[in-house]
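Each remark here refers to the structure printed beneath this line.
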Amino acid sequence: MSAFAFAFPAVLTTLVLLPVIWWLLRLTPPKPQAEVFPPFAILASILKREETPAQSPWWLTLLRMLMAAAVIFAIADPVFNPRTNTLASSGPLALVVDNTWASATDWQNRVDTAATLIDDAESRNVPIALVLTADRQHDAVPVDAATARTRLAAAEPRPLPADRTAAIASLRTALDGAAPGTLAFISDGMAGGETDETVAALQGLSPADLRLIEGDGAAAVAITSAVNGADALTVTLTRLDGGPARSLPLTAYDSRSRPIATGTASFAAGATTTTGTITAPFELRNDFARISIDGLANAGGAYLLDDGFRRRRVAFLSGEVVDASQPLLSPLHYINRALAPYADLIEPNVADLSVAIPQILEQNPSVLIMADIGRLPEDVQSEVQRWIEAGGMLIRFAGPRLAAAPGDDPLVPVVLRKGERALGGALSWSEPQPLSAYPANSPFFGMRAPQDILIKRQVLAEPTPDLAERTWASLADGTPLVTTGPLGSGRIVLFHISAETGWSNLPLSGDFVEMLRRTVQLSRGGGVSAEGGQATTGLPPYRLMTANGTLAAATGEAKPLAAGDGSKVVASFDNPPGLYGSEDGYVAHNLFPPEHTIRPLILPEGASILREPLAGKETWSLKPYLFTLAALLLILDCAIVLLMGGAFAAAARRVPRRGATAAVLLALCAGALMAVPQKGHAADSKPGDETILSRLDTTHLAYVVTGESEVDRISERGLAGLTEFLTYRTTLEPGEPVGIDIEKDELALYPIIYWPVSATAPMPSNAAISRVDAYMRNGGTVLFDTRDQYINLDGNSTSPNTERLQAILANLDIPPLEPVPADHVLTKSFYLLANFPGRYAGSPLWVEAELDRAEDPSRPARAGDGVSPIMITGNDFAGAWAIDTNGMALLPTVPPDELQREHAFRSGVNIMMYMLTGNYKADQVHVPALLERLGQ
């Protein structure tokens with residue numbers, strides 16, 4: 001195949017006329033020049049020496065010659081990489097097309113390539129055998145060109161990897177021993193596994209001509225896993241082309257396909273795997289339903305999330321009293337280390353269970369873990385029981401206290417024998433026991449067989465008819481190790497061993513981490529089986545992913561997904577990627593399992609293969625460029641001729657000289673009109689201007705008026721208390737607090753707006769939220785306070801105030817958020833602070849994440865001198881700041897602690913100084929170093 005050719009080479013013979021054109025242009029006499037009387041000018045011209053009539057300048061003649069040559073070459077139609085019909089006619093054309101997930105981005109180019117080959121086969125009267133590697137059925141029998149075009153038009157990309165083994169086997173059967181003439185493999189460029197033998201199998205068909213046609217491998221990028229960590233979502237990606245460094249934007253969508261958070265994943269040069277992060281509060285991360293790579297519309301660039309992805313809030317209690325002094329002997333130490341990466345943990349701040357448990361339940365945990373607690377206070381036991389019946393999960397670990405507890409405890413899933421069973425030792429019943437394989441009805445089913453785990457002590461369960469159904473794990477001798485039972489809408493799980501290493505070495509193993517993680521994932525809001533464990537029957541397809549990465553209704557081809565297969569295997573024809581289950585609960589089955597990597601196609605050494613790009617990228621013509629060049633040269637020639645003929649000078653002479661004078665007079669009149677005082681200017685001022693002007697000379701703290709009298713009263717008194725504290729402790733003297741209506745009041749007058757979020761208050765309109773969004777974009781900051789750190793949420797995973805905040809933020813363009821880092825300017829803008837308590841002290845203060853500019857050089861400069869446009873807390877700042885007219889606190893802190901109130905005021909001071917000085921305080925940290933350098 002030639003790299004350059006002319007479609008009409010005969011036209012080039014007209015190039016011989018160029019010398020004739022040159023001669024004619026040189027003989028063209030110049031245009032007569034007009035001279036102004038008197039006749040002396042004419043006489044002067046007569047006295048000039050005799051000149052040749054060839055007056056056309058050589059450079060103008062050359063310009064016209066180039067224009068003529070460009071037209072001739074354009075008509076000849078020069079083409080780079082022209083196509084030629086080189087199909088072998090010794091056998092049928094065999095087309096093997098990868099219609100996989102990676103082909104979705106350039107599918108039309110692949111269809112055009114196959115159509116071009118079919119046209120070539122039709123011109124040579126060669127039959128065509130067409131197979132699609134991602135289809136369930138393969139009909140490779142050679143057909144005529146019309147039938148092949150019909151089948152090609154009906155083909156579409158699938159959200160699946162290629163099954164080339166079945167496709168090649170079907171092609172071999174259809175050819176029945178005959179060798180194909182040309183075998184064209186339109187590939188997605190990916191290997192089918194570590195030992196891919198696709199090309200070798202195609203060579204085994206003995207084609208006269210083997211072609212490998214590939215597209216752009218840069219589009220082959222897939223998300224393989226997403227982990228909801230403690231502070232952010234971590235996404236793992238793999239790509240086919242390990243070329244230059246590349247950054248990909250990530251977006252998290254909710255169940256209604258609304259973007260709610262963004263992040264970035266960056267591949268290093270030559271790397272084929274990487275991880276990216278999406279930082280957001282865990283309440284927002286629990287709303288993630290899908291992660292997508294922006295600009296990459298295929299099934300690999302989308303990753304589905306199910307209920308098991310949501311991060312749980314786990315509270316734990318222990319009967320031990322040596323937790324702080326001997327952490328390795330504490331059962332909570334091992335539980336904490338096992339669950340910290342997967343859940344948000346809550347610890348009590350008091351040892352009294354009658355006080356600690358109600359405080360914990362007020363924070364609405366999904367799971368309550370009790371390690372070696374035998375008997376609960378009577379008033380608390382009923383409260384825990386009601387919490388479980390409402391949908392909570394209680395996980396208990398045995399120990400000496402539980403072994404000695406009464407046998408009628410309603411908070412255990414099975415009837416326990418009093419006392420404990422010791423295994424090993426002089427007086428033991430038997431040797432330490434290993435674990436047996438996990439049963440099929442257990443959430444641990446599918447884990448690797450337990451190894452090197454020995455149980456030395458346990459509490460025993462009384463034999464009952466349903467004991468086997470309630471057992472999730474057992475010892476080799478058949479005694480239960482983990483049992484479960486429902487209680488109302490909730491569940492109780494009992495580990496018959498302690499959570500520390502005194503009774504077994506299970507807490508030291510990875511199995512302990514995985515068992516706890518899987519158990520916690522079955523709590524409220526997770527899993528598809530409300531009755532415990534994973535379903536033993538298949539999950540029906542609910543919504544399936546298309547090749548473009550979107551969800552659609554399930555088709556009849558998909559089969560139920562077997563329990564435990566959702567995240568362990570590559571998607572297949574029977575189980576394409578999508579959601580399996582029902583609207584009430586489902587499991588996400590993605591294209592690839594975690595740790596999967598995509599690899600380039602393996603080519604045998606010394607293979608005789610012709611490699612080609614897809615159609616539309618190999619052939620291009622210079623005709624339009626040459627015609628454009630000729631048109632530009634013609635325009636330039638016309639301009640030169642007009643200039644030489646004096647057309648522009650004559651037009652300039654026709655402009656009246658008095659035009660400049662008129663322009664000056666017009667400018668003077670306009671200036672005079674502007675200088676005339678405008679009558680009635682004061683009367684035309686807008687209503688409320690005096691109020692605006694009065695608030696411009698003094699800094700005011702503002703709060704959003706919710707319409708609820710008590711909430712607004714606390715907000716007003718809270719900001720009044722902070723104003724008084726600022727006046728006495730700092731040089732800032734703010735004015736009276738201002739309540740604002742975000743629907744109509746001017747927001748730009750205030751550096752920060754305190755918004756007490758209330759679920760019972762009217763939802764702001766879209767117009768109001770747009771005004772708030774504009775205020776934040778222009779440098780203002782909104783402090784959202786859900787005030788729900790210690791509110792009883794009646795069994796919901798999030799409080800009503802938090803849900804209202806999520807609804808508000810869903811319509812705001814907010815940046816990535818993070819808890820205030822230890823070195824943030826907020827921690828040292830005035831006071832040195834480690835945390836930011838309010839009336840409560842358990843919620844972090846969320847601010848805009850400080851991204852490293854080196855990692856994102858295109859990121860624009862932040863407005864407001866580095867000040868975060870949004871802050872979120874649940875600690876009820878206004879409740880801690882609120883004072884009456886006598887300066888006394890209106891509300892107590894929780895727990896009652898005046899030092900906490902003092903720190904709440906200091907938090908308010910730091911926030912105000914941060915708002916008014918921006919990153920100035922952060923820059924002051926470097927002053928000593930700068931002064932020292934100047935001294936040197």
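Nothing fancy with the numbering, it's 1 onward along the sequence.
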Counting distance only, does the side-chain N/O of [X] pair as donor-acceptor with the main-chain N or O of [Y] below 3.5 Å?
X      : Y      : result
Gln458 : Pro480 : yes
Thr272 : Leu240 : no
Asp306 : Val587 : no
Arg543 : Gly578 : no
Ser843 : Gly874 : yes
Gln363 : Pro365 : no
Asn505 : Leu454 : yes
Arg290 : Asp254 : no
Arg239 : Asp241 : yes
Thr471 : Ala473 : no

How long is the straight-line distance from [atom2] of [Y] back to [atom1] of [X], given to the nearest 0.5 Å?
X      : Y      : atom1 : atom2 : answer
Ser572 : Asp163 : OG    : CG    : 9.5 Å
Leu494 : Ile395 : CG    : CD1   : 10.5 Å
Thr277 : Leu250 : OG1   : CG    : 8.5 Å
Tyr303 : Ile291 : OH    : CD1   : 10.0 Å
Thr519 : Glu514 : OG1   : CD    : 9.5 Å

Side-chain touch [X]/[Y], heavy atoms, less than 4.5 angstrom:
X      : Y      : value
Tyr542 : Tyr580 : no
Thr251 : Ile278 : no
Leu394 : Met370 : yes
Tyr253 : Ile260 : no
His596 : Leu591 : no
Arg337 : Ile335 : no
Met447 : Arg518 : yes
Phe512 : Leu516 : yes

**Request:** Any chance you could lay out the side chain to side chain donor-acceptor pair (under 3.5 Å) test for Arg491 and Thr484, step after step, and finish with the verdict?
**Result:** CA-CA 7 Å; Arg491 175 161 297 279; Thr484 184; 2.7 Å; yes
**Message:** With side chain to side chain donor-acceptor pair (under 3.5 Å) as the criterion, how do Ser474 and Ser436 come out once you've worked through the C-alpha distance, each side chain's angles and the decisive distance to 0.1 Å?
**Reply:** CA-CA 6 Å; Ser474 59; Ser436 63; 3.0 Å; yes
Kindly give the heavy-atom pair with the smallest separation between [X] and [Y], and that separation in Å.
X      : Y      : value
Ser509 : Leu506 : OG-O, 2.8 Å
Gln433 : Ala476 : OE1-CB, 3.7 Å
His589 : Pro576 : CD2-O, 3.6 Å

**Message:** How about CD on Glu462, more than 12 heavy atoms from neighbouring residues, nucleotides or ligands closer than 6.0 Å, or not?
**Reply:**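 Yes, CD of Glu462 has more than 12 neighbouring heavy atoms, counting only those of other groups under 6.0 Å.
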**Item:** Donor-acceptor side-chain pairing of Ser225 and Thr236 below 3.5 angstrom
**Value:**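 Ser225 vs Thr236: donor-acceptor pair found between side chains.
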**Asked** So, Arg312 versus Ser523: side-chain donor-acceptor pair below 3.5 Å or not?
**Response**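 Side chains of Arg312 and Ser523: pair found under 3.5 Å.
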**Request:** Quickly, which of Thr479, Leu481, Asp477 forms a side chain to side chain contact (heavy atoms under 4.5 Å, CB included) with Ile455? Name it, please.
**Result:**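 Exactly one pass, corresponding to Leu481.
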**Of Leu332, Ile369, Leu368, the residue whose pairing with Leu317 passes side chain to side chain contact (heavy atoms under 4.5 Å, CB included)** =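 When side chain to side chain contact (heavy atoms under 4.5 Å, CB included) is applied between Leu317 and each of Leu332, Ile369, Leu368, only Leu368 qualifies.
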**Asked** Knowing that exactly one of Trp503, Trp472, Phe397 qualifies, which makes a ring pair (Phe, Tyr, Trp, His ring centres under 6.0 Å) with Phe495?
**Response**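 Output: one option passes, namely Phe397.
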**Asked** Would you call Asp409 and Arg396 a salt bridge, taking side-chain N to carboxylate O under 4.0 Å as the test?
**Response**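 Looking at Asp409 and Arg396, the cut-off is met.
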